[in-house]
Visitor: 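For reference, the structure I am asking about is given below.
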Amino acid sequence: MKKKLASFVCLIVSCFLLSTSAQAIDFEWVDITNPSGVANQGDTAVMVNDGGTSGYGSVAYNYKISACEVTNTQYAEFLNAVAASDPYGLYNADQSTNPRQGITRTGNDGYYQYDYKSGYADLPVLFVSLNDAFRFVNWLNSGSTETGAYQFTNGVLDTDYYGTTLHNPEATYWIPTEDEWYKAAYYNPATGEYYLYATGSDATPDNNIPDEDSGNSVNYNVGGYAVPAPYLTEVGAYDESESPYGTYDQSGSVWEWNETLVNEEFSRYGIRGGSWFEADNAVYISSLFRNQAVASYEAGNVGFRISGYREDISSAIPEPMTFALFLTSISALFFARRKKT
């Protein structure tokens, strides 16, 4: 019986590797293979301003994607490492009292400390912009928020820095491109076919509670919310309803950022998968729908997962680090383990 196992595995399996780790967060990775997989030519996105394009999912290389969305625990560790002053607004203080904000901040500027709320450790982090997500993976790569996978210059994303790709092609971690995200969600490598939903099904999913997961269950609003307020489910809670590759919650739960610029005129980036919020319309959680927003957009139903690739990424071999980064890890350990009183 797989119940609760997936959410347990997705919760920072080894959060605090003190030995020479430039980033202490570990993830469960899913291998996305079959680089010859073709795009889904039968899929036509219906988002306004999308232009009715089709043909998503073609990726000509093997890569990995996190099985689950980034959690409050993982993001709080990041904040404790880099946001004692938070000049880039990585924490949305305006939403600190929102019931879906799962992270608290205490202390004064220069000494901020972060912790996840009781009961929120395994919930997906929300109120994160795409720029926040970029800086999160930068930190995973380099220990810096401004370089690694994405280049920020004077606090502004440099979209031309790496030429034809938005992220550094040498990066270990990045935000999925739209095609990477789409393929992981809907493609079946065993049959070479695409599904309509990221549950390995073309049938409309139900919204049973996780304990009654039917194998085609999703956290979305159809005749009512799947769970009571704040309407969120733990990452991987629908452990019978994974994608063909084995990812969780790519349909429903929260919208997820892609790094792909889908609307150049208005500088909007892709958001896929639907969320707990959309009411009585399964198209939002399907492959047919692409949302979009500017990179600074934050909301209580938008989160992210990450992509990555290296020879042996699943073993989470730590990268070398400087003594300063070691001290940062010690501080992150202390604050992340603090219990709320």
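In this text the structure is predicted, and so the values were computed from the model without any measurement.
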Visitor: What is the minimum heavy-atom distance between Tyr120 and Gly102, and which atoms define it?
Guide: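 In terms of heavy atoms, the two residues are closest at CD2-CA, 3.4 Å.
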Visitor: Just checking, any donor-acceptor pair under 3.5 angstrom between side chains of Asn62 and Thr33?
Guide: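 No, Thr33 and Asn62 have no side-chain donor paired with an acceptor closer than 3.5 Å.
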Visitor: Taking Val59 as the starting point, is it possible to reach Tyr162 by hopping between hydrophobic residues whose side chains are less than 4.5 Å apart?
Guide: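 Not linked; separate clusters.
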Visitor: Can a cation-pi geometry be assigned to Arg272 and Tyr56, taking NZ or CZ under 6.0 Å from the six-membered ring centre and within 45° of the ring axis?
Guide: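 Arg272 over Tyr56 ring: yes.
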Visitor: Could you tell me how the ring of Tyr231 sits relative to the ring of Trp276: parallel (under 30°), tilted (30 to 60°) or perpendicular (over 60°)?
Guide: parallel
Visitor: A quick test of your reading: do over 12 heavy atoms of other residues, nucleotides or ligands sit less than 6.0 Å from CG of Asp109?
Guide: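 Counting other residues, nucleotides and ligands, CG of Asp109 exceeds 12 neighbours.
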Visitor: For the pair Ile175 and Leu130, evaluate side chain to side chain contact (heavy atoms under 4.5 Å, CB included) and give the outcome as yes or no after the intermediate values.
Guide: CA-CA 9 Å; Ile175 301 302; Leu130 181 58; 4.2 Å; yes
Visitor: Of all heavy-atom pairs between Asp26 and Gln74, which one has the smallest distance, and what is that distance?
Guide: O-NE2, 3.5 Å
Visitor: State, to 0.1 Å, how close Glu178 and Thr260 come at their nearest heavy-atom pair, and which atoms those are.
Guide: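 Looking at all heavy atoms of both residues, the closest pair is N-OG1, 2.8 Å.
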Visitor: Begin from the C-alpha positions of Asp206 and Ser217 and carry the test side-chain hydrogen bond (donor to acceptor under 3.5 Å, both in side chains) through to its verdict.
Guide: CA-CA 5 Å; Asp206 60 59; Ser217 297; 2.6 Å; yes
Visitor: Less than 4.0 angstrom from a charged side-chain N to a carboxylate O is my criterion; do Glu256 and Arg305 meet it?
Guide: yes
Visitor: Answer with yes or no whether the side chains of Asn92 and Glu298 bring together a donor and an acceptor at under 3.5 Å.
Guide: yes
Visitor: If only side-chain N and O atoms count, and only distance matters, is there a donor-acceptor pair under 3.5 Å linking Thr71 with Asp122?
Guide: no
Visitor: Compute whether any side-chain donor of one residue and acceptor of the other, for Tyr248 and Glu69, lie under 3.5 angstrom apart.
Guide: no
Visitor: Between Asn208 (side chain only) and Glu212 (backbone N and O only), is there a donor and an acceptor less than 3.5 Å apart?
Guide: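 Yes: the side chain of Asn208 pairs with the backbone of Glu212.
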Visitor: On a heavy-atom basis, which atom in Asn72 and which in Val125 lie closest, and how many Å separate them?
Guide: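 Where Asn72 meets Val125 most closely, the heavy atoms are OD1-CA, 3.4 Å.
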Visitor: Under a 4.5 Å side-chain heavy-atom rule over Ile, Leu, Val, Met, Phe, Trp and Tyr, are Val227 and Leu126 clustered together?
Guide: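 Cluster IDs for Val227 and Leu126 differ.
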Visitor: With clusters defined by side-chain heavy atoms of hydrophobic residues (ILVMFWY) lying less than 4.5 Å apart, directly or transitively, does Phe304 cluster with Leu123?
Guide: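 As far as the 4.5 Å side-chain criterion goes, Phe304 and Leu123 are not connected within one cluster.
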Visitor: Compare every heavy atom of Tyr194 with every heavy atom of Gly57, then report the nearest pair and how far apart it is.
Guide: O-OH, 3.2 Å
Visitor: With distance as the sole criterion, is a donor-acceptor pair present between the side chains of Asp213 and Ser241 under 3.5 Å?
Guide: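 Yes, side-chain donor-acceptor contact under 3.5 Å.
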Visitor: Would you check if the side chain of Ser142 reaches a backbone N or O of Asn138 as a donor-acceptor pair within less than 3.5 Å?
Guide: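 Checking the backbone N and O of Asn138 against the side chain of Ser142, a donor-acceptor pair under 3.5 Å is found.
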Visitor: Evaluate Ile103 against Leu79 for side chain to side chain contact (heavy atoms under 4.5 Å, CB included), listing each step before the verdict.
Guide: CA-CA 10 Å; Ile103 297 175; Leu79 293 174; 4.2 Å; yes
Visitor: What class does the angle between the rings of Phe27 and Tyr173 fall in, given that below 30° is parallel, 30 to 60° is tilted and above 60° is perpendicular?
Guide: tilted
Visitor: Can you tell me if Asp86 uses its side chain to pair, donor with acceptor, with the backbone of Ala83 under 3.5 Å?
Guide: no
Visitor: Can you check whether Tyr284 and Phe277 have ring centres sitting under 6.0 Å from each other?
Guide: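 Distance test on ring centres: not under 6.0 Å, no.
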Visitor: Under a 4.5 Å side-chain heavy-atom rule over Ile, Leu, Val, Met, Phe, Trp and Tyr, are Trp174 and Tyr75 clustered together?
Guide: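 They do share one cluster, since a chain of ILVMFWY contacts under 4.5 Å joins Trp174 to Tyr75.
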Visitor: Is any side-chain N of the basic residue among Arg105 and Asp115 closer than 4.0 Å to the acidic one's carboxylate O?
Guide: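 Judged by the 4.0 Å cut-off on N to carboxylate O distance, Arg105 and Asp115 do not form a salt bridge.
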Visitor: Could you verify whether a donor N or O on one side chain and an acceptor N or O on the other, from Glu180 and Ser307, lie under 3.5 Å apart?
Guide: yes
Visitor: Go through it in stages, so that I can follow the logic: the residues are Tyr269 and Leu166, the test is side chain to side chain contact (heavy atoms under 4.5 Å, CB included), and I'd like the CA-CA distance, side-chain angles, deciding distance and then a yes or no.
Guide: CA-CA 12 Å; Tyr269 294 82; Leu166 186 58; 4.0 Å; yes
Visitor: Do side-chain atoms of Thr147 reach the backbone of Gln151 as a donor and acceptor pair under 3.5 angstrom?
Guide: no
Visitor: Within the side chain of Glu146, is there an N or O that forms a donor-acceptor pair under 3.5 Å with the backbone of Thr153?
Guide: no
Visitor: Report whether Trp29 and Val70 are members of the same hydrophobic cluster (ILVMFWY, side-chain heavy atoms less than 4.5 Å apart, transitive linking).
Guide: yes
Visitor: Compute both the distance and the angle, then confirm whether Arg135 meets the cation-pi test with Phe152: under 6.0 Å from the six-membered ring centre, within 45 degrees of the axis.
Guide: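 Yes - Arg135 lies over the ring of Phe152, closer than 6.0 Å to its centre and within 45° of its axis.
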Visitor: Please test Asn216 against Thr199 for side-chain hydrogen bond (donor to acceptor under 3.5 Å, both in side chains), starting from the C-alpha separation and ending with a verdict.
Guide: CA-CA 6 Å; Asn216 190 27; Thr199 58; 2.6 Å; yes
Visitor: Near Tyr61 OH, under 6.0 Å, is it more than 12 heavy atoms from other residues, nucleotides or ligands?
Guide: yes
Visitor: For side-chain hydrogen bond (donor to acceptor under 3.5 Å, both in side chains), just list the numbers for Asn188 and Glu193, CA-CA rounded to whole Å, side-chain angles, deciding distance to a tenth of an Å, and then say yes or no.
Guide: CA-CA 5 Å; Asn188 185 340; Glu193 298 174 331; 6.0 Å; no
Visitor: Under 6.0 Å between ring centres: does that hold for Tyr186 and Tyr195?
Guide: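 They do not qualify: ring centres at least 6.0 Å apart.
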Visitor: Between Tyr91 and Phe127, is the gap from one ring center to the other below 6.0 Å?
Guide: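 No.
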Visitor: Does Tyr220 form a side chain to side chain contact (heavy atoms under 4.5 Å, CB included) with Glu278? I'd like the steps, not just the answer.
Guide: CA-CA 7 Å; Tyr220 76 120; Glu278 284 71 37; over 6 Å; no
Visitor: Using every non-hydrogen atom in the two residues, find where Gln292 and Ile271 come nearest and quote the distance to one decimal.
Guide: C-CD1, 4.2 Å
Visitor: For the backbone of Asn219 and the side chain of Thr233, can you confirm whether one donor and one acceptor N or O come within less than 3.5 Å of each other?
Guide: no
